[in-house]
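Some notes on the structure that comes next.
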Amino acid sequence: MAIILHVPEALRAKLGEDGTRELVALLDQAVRGLRENISETAAERLERRLTETKAELKTDMANLKADLIKWMFVFWLGQIAGVFGLLKLVVR
């Protein structure tokens, strides 16, 4: 499919019909190559960003797990201290 819809008459007259067709084919080939290159570059960037995001999420989840374990420990210490305090009051 030709992307170029109109070649100016002055250029067409200089190149001739065969030259004009070849020029259009060359330009279309160059455009297709650029599109493929842009697609590959965009895919590589997206893949890199996803990899970085995945690594960040893993780190964040590991930190969250450590914080959760820490707060669970603090919670259970508080529960034990509360039960111990109640038992002390009841035993008196």
Side-chain angles (χ1 to χ4, degrees):
M1 181 170 107
I3 296 172
I4 299 173
L5 299 175
H6 177 70
V7 177
E9 288 300 322
L11 184 56
R12 186 182 297 270
K14 295 276 185 184
L15 295 174
E17 287 303 315
D18 290 339
T20 301
R21 272 194 299 274
E22 290 177 11
L23 177 63
V24 169
L26 176 67
L27 292 174
D28 287 343
Q29 182 182 3
V31 167
R32 275 194 294 285
L34 286 173
R35 283 186 180 162
E36 290 174 10
N37 189 9
I38 289 170
S39 295
E40 290 173 8
T41 302
E44 289 171 3
R45 286 182 182 176
L46 178 60
E47 186 176 328
R48 187 176 345 109
R49 284 183 184 170
L50 288 174
T51 302
E52 291 170 357
T53 303
K54 184 178 177 182
E56 289 174 10
L57 284 174
K58 282 184 178 181
T59 303
D60 289 347
M61 289 185 75
N63 291 338
L64 180 64
K65 184 178 177 183
D67 286 345
L68 181 62
I69 290 171
K70 177 180 72 174
W71 286 110
M72 285 174 53
F73 181 73
V74 169
F75 172 77
W76 285 112
L77 281 178
Q79 294 295 312
I80 291 171
V83 168
F84 183 72
L86 285 174
L87 284 176
K88 251 183 146 176
L89 286 173
V90 170
V91 172
R92 282 187 185 193

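By convention here, the first residue in the shown sequence is residue 1. These numbers come from a predicted model, not from an experiment.
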Item to complete: Work out which heavy atom in Val7 is nearest to a heavy atom in Leu11; give both atom names and the distance.
Response: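 The pair with the smallest heavy-atom distance is CG1-CD2, 4.0 Å.
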Return the [atom1] to [atom2] distance between [X] and [Y], rounded to the nearest 0.5 Å.
X	Y	atom1	atom2	value
Leu23	Asp18	CG	CG	12.5 Å
Ile80	Leu87	CD1	CG	12.0 Å
Met61	Lys58	CE	NZ	10.5 Å
Leu57	Leu64	CG	CG	11.5 Å
Asp67	Met72	CG	CE	12.5 Å

Q: Given side-chain contact (heavy atoms from CB on, under 4.5 Å), test Lys65 with Ile69 step by step and report yes or no.
A: CA-CA 6 Å; Lys65 184 178 177 183; Ile69 290 171; 4.2 Å; yes
Please check if atom CD in Glu47 has more than 12 non-hydrogen atoms from other residues, nucleotides or ligands closer than 6.0 Å.
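Atom CD in Glu47 is not packed in, count stays at 12 or less.
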Evaluate side-chain contact (heavy atoms from CB on, under 4.5 Å) for Glu9 paired with Arg12, printing each intermediate quantity in order.
CA-CA 5 Å; Glu9 288 300 322; Arg12 186 182 297 270; 4.2 Å; yes
